[in-house]
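Here is the structure we will look at, set down as structure tokens.
Residue numbers begin at 1 in each chain, while the letters A, B, ... track the order of the sequences.
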Protein chains: 2
Amino acid sequence: MLNPATEALAAELPEGVLRPIEERYLEEPRGRWRGQAGLLAAPRDVTEVAAVVRACAAARVGIVPRGGGTGLVGGQVLHDGPPPLLLTLERMASARGAWPEEDVLIAEAGMTLQAVHDAAAAIDRQFPLSLASQGTATIGGCLATNAGGVAVLRWGNARALCLGIEAVLPDGSILHGLSRLRKDNTGYDIRDLLIGAEGSLGIITAASLRLAPRPAAVGTAMIVVRDPAAALQLLGIAQAQLAGGVTGFELIGGTGLEFLAEAMPSIRRPFDPAPPWLVLLEVALPAGTDPLEALGDLLERGIAEGLASDALLAQSAAQAAAFWTVREQIPEANRLIGAVASHDISLPLSEIPRFIIDACAMLDALGDFRINCFGHLGDGNLHYNVFPARGHTRAEHDALRPAISEAVHSMVVARGGSFSAEHGIGRLKVADLARWGDPTRLAAMRAIKAALDPLGIMNPGAVLA
Amino acid sequence: MLNPATEALAAELPEGVLRPIEERYLEEPRGRWRGQAGLLAAPRDVTEVAAVVRACAAARVGIVPRGGGTGLVGGQVLHDGPPPLLLTLERMASARGAWPEEDVLIAEAGMTLQAVHDAAAAIDRQFPLSLASQGTATIGGCLATNAGGVAVLRWGNARALCLGIEAVLPDGSILHGLSRLRKDNTGYDIRDLLIGAEGSLGIITAASLRLAPRPAAVGTAMIVVRDPAAALQLLGIAQAQLAGGVTGFELIGGTGLEFLAEAMPSIRRPFDPAPPWLVLLEVALPAGTDPLEALGDLLERGIAEGLASDALLAQSAAQAAAFWTVREQIPEANRLIGAVASHDISLPLSEIPRFIIDACAMLDALGDFRINCFGHLGDGNLHYNVFPARGHTRAEHDALRPAISEAVHSMVVARGGSFSAEHGIGRLKVADLARWGDPTRLAAMRAIKAALDPLGIMNPGAVLA
């Protein structure tokens, strides 16, 4: 059993580490829960993190590590049980070193993703992980949750962009693993075990990150497609022609554009009236190639094959940014409209077109809804969000939420998909994991949790109940 | 304590699973050890694998899983202790399914890497993992050891090309994880824990593999470079110009070419006399680009900046294949000449030029040697092999081997490098891992091993002593 964080524990912590708890540390973006207020520790270096962990282990106090607080599944708030120690790494927010000739940056966990981008840009490199919340989300949080975003198709999730980590394990020991190596086959992959464990196996305090050259030529297009099946065919053609140079391939449904018009009318709509489906495509090409020509060729072929009917090709960086603004403001429009239920699902690519049709039919049978289906189509990852019909409110349908999510998730899992593609488990999806996770995998997870965190102090209640 | 595999155990195994042990199952390529002969089980499906594991667990018999037997660190042979049950998956060698529109293939562990390549080619795709031993190495072995090879620069190690696995854990439970998903953030990364664990945490029986389109345009060049530092500068230029289209960047030292001339004179030498250093570069480019032009531009710039002095650009696929033959036969030439000591090391990229100079000076002080330094320069992975001077034999220097390896590995580790970049730990490097591994990481590895394999039956003595 865990104890609440108290004044007695405070006396055991390194001097100057405690901070007053402001309200923002107890909130999460969707407002589902308010966290318990215990103590807030803001250590300045890894030895202070280790000292905090050791003190909590001795006092049997739970630790909730917190990055930027943008997580959507409640991993960063503990809303019941004994008030924990909240651990923020906001004072560990420096780049420890950069090696442009190696495409490597070592970042402390508290750096925001935007700060990492800026540090990479300062040495004429890019860090490809890219999220709408990157101004707030920290690199530590991105790694703890194996964040995804809009460049996974080319670069992989956060995991794929991390060469090594420094971390504090639940016994307070420090893992020194800030490797700059691309290859190192010396034992079990503890790095990837901590990445995606959402702070339940330890605290990532710094990471060695894989940068990339800034691409010589970038092209961006919005293409009106016949339907999601046509979008996937177009992706296949693009991948084959462009040698894997497709960096982003986002699906946008007409509902998303309607929501922008309703809730955020200042954003310029790319097509009016809104087409049922379009894709936002970004390519990175070798020097000397003309992205407009490559995109034009692709579009021509797409039209000839009946996959596409219209398109906008960005003629400038500003226009490309405007295209991305449309995509990135859809979640905000969703928030303003108010979803009955939202889902972060993934499916095998070839299952997606049928799923979209079947799920729509299934929801039609449940009630009168508007569906905003959009997301990282190239990764098989859809944000599948269900809204009240026009003129109705979210509150009217609140009672239906569990049934809707149950139906959507069941349909996804039956087709080999995932009920949490990029957001993780946190506290929101613990029961889903227990229900749908492979039993052998769950047993292995529990055995590892018990082996590394026998006192159960690390982010109690997250991931595993 | 483990028991030897005996007739009593044999009676508990599924019918028809046992096979006679031929000598080849007890050998390893460098002839360092001969394995103990216990029983040889060749199960036909995953339920039979599970039954074998349960029987071994009940009888406390060690299991040594064996892929193609090409591993270079003895992971596939148990040379002392109670004779184990050898487990081969050679009867599980089918492709279970292929999804060209998803770029996914599900392969049983016993398929050779070449068979996986062929299955991908049959659906007009490529599986990018590429090794000299791919005709014999199995995909199960490649995953168990997180194999590297010549395309890691673009595609990553085996780990990065695996979407999911089916495996049998040490208690005989079956992990059903043959996911075709690109994104699935639902709990701890058990897949990556088993990948690279060299059979010491469980047995991978099948894998869902990530394929890729075959590139529209491929270019291959051999470029004479000033030195390794110039090679790395040239790589940086190529990466920036070609939008990450460099798929291979191999360093070949003049000694490697001399060895080919001495030991395998039938192989045509690309340059005569052999230059001190050259790189073998392969690029994959978008349709419509001319690889010869792109490589020509790169070469021109390399010459202008004093990095390169001469080059051969492949004018045909046959010529490209001949270039690769030169690279891939160097290990065989090494074997014929006979190394005193060989090392599979990696270093941060920017450390490599200085390391090559310093290690050479250090070895000069130890004796009269020839050094063949070659390998996957783009990954920071060198095969750094030490040979007797011309006219001398390996046997004369045998006593020096431990001192040489100690000196090389110490120098590597001091510069942030690894003593096993792609070959793994096996049995050969268990002591190296115990000595140089991060203590916190080693403790976590031991805790996980104890949690998942409390009886210690899975590949006993491999990775961890």
- Does a side-chain heavy-atom distance below 4.5 Å link A:I190 with B:M445? yes
- Message: Shorter than 4.5 Å, heavy atoms on both sides: which option in A:G177, A:A240, A:A147 has the most such pairs with chain B?
- Response: A:A240
- Item | Interface moiety of B:D438 toward chain A, non-hydrogen atoms closer than 4.5 Å | side chain
- Distance-only, no hydrogens or angles: does the B:R180 side chain make a donor-acceptor pair with backbone N or O of A:L347 under 3.5 Å? no
- Item | Most chain B-contacting option - heavy-atom pairs closer than 4.5 Å, from A:L169, A:L201, A:L193 | A:L201
- Between CG on residue B:N185 and CG on residue A:L433, distance to nearest 0.5 Å: 11.5 Å
- Value rounded to 0.5 Å, distance of CZ in A:R191 from CG in B:D192: 8.0 Å
- Message: Please check this pair: side chain of B:T440 against backbone of A:I174, looking for a donor-acceptor N/O pair closer than 3.5 Å.
- Response: yes
- Per-residue tally against chain A (heavy atom, under 4.5 Å) across B:G288, B:S200, B:S179 peaks at B:S200
- Item | Residue selection (most heavy-atom pairs with chain A, distance under 4.5 Å) from B:E101, B:K429, B:R154 | B:R154
- Task: For the residue pair A:L285 and B:T289, establish whether any side-chain heavy-atom pair is separated by less than 4.5 Å.
- Result: no
- Task: Please determine, among A:G380, A:A451, A:G245, A:G187, the option with the most heavy-atom pairs under 4.5 Å with chain B.
- Result: A:G187
- Which atoms of A:P286 come close to chain B, meaning under 4.5 Å heavy atom to heavy atom: side chain ones, backbone ones, both, or neither? both
- Item | For chain B, the option from A:A421, A:A216, A:S418 that forms the most heavy-atom pairs under 4.5 Å | A:A421
- Item | Pick from B:P348, B:G424, B:G202 with the largest number of heavy-atom pairs that fall under 4.5 Å of chain A | B:P348
- Message: Please rank B:D379, B:T145, B:L452 by heavy-atom pairs under 4.5 Å with chain A and give me the top one.
- Response: B:D379
- Residue A:A212 versus chain B: region with a heavy atom under 4.5 Å: neither
- Note on the structure: Pair count under 4.5 Å, heavy atoms only, with chain A: among B:D124, B:V463, B:L181, highest is B:L181
- Minimum side-chain heavy-atom gap B:D189-A:R159 below 4.5 Å: yes
- Item | Leading residue by heavy atom contact count with chain B [cutoff under 4.5 Å; candidates A:I425, A:L242, A:L349, A:T186] | A:T186
- Task: For side chain to side chain contact (heavy atoms under 4.5 Å, CB included), just list the numbers for A:V152 and B:R182, CA-CA rounded to whole Å, side-chain angles, deciding distance to a tenth of an Å, and then say yes or no.
- Result: CA-CA 9 Å; A:V152 173; B:R182 307 282 159 159; 5.7 Å; no
- Item | Structural part of A:A197 lying under 4.5 Å from a heavy atom of chain B | both
- Short question: side chain of B:E102, backbone of A:S350 - any donor-acceptor pair under 3.5 Å? yes
- Task: Quick one: closest heavy-atom pair of B:G148 and A:K183, and the distance?
- Result: CA-CE, 4.1 Å
- When A:V283, A:D297, A:L175 are compared by non-hydrogen pairs under 4.5 Å with chain B, the top option: A:L175
- Message: If we define contacts as heavy-atom pairs under 4.5 Å, which of B:G196, B:A444, B:P215, B:A450 has the most with chain A?
- Response: B:A444
- B:D184 versus chain A, the contacting section by heavy-atom distance below 4.5 Å: both
- Message: Which atoms of A:L464 are under 4.5 Å from chain B, going by heavy atoms: the side chain, the backbone, both sets, or neither?
- Response: side chain
- Item | Test side chain to side chain contact (heavy atoms under 4.5 Å, CB included) applied to A:Y188 and B:R441, step by step | CA-CA 9 Å; A:Y188 304 163; B:R441 184 156 162 271; 5.6 Å; no
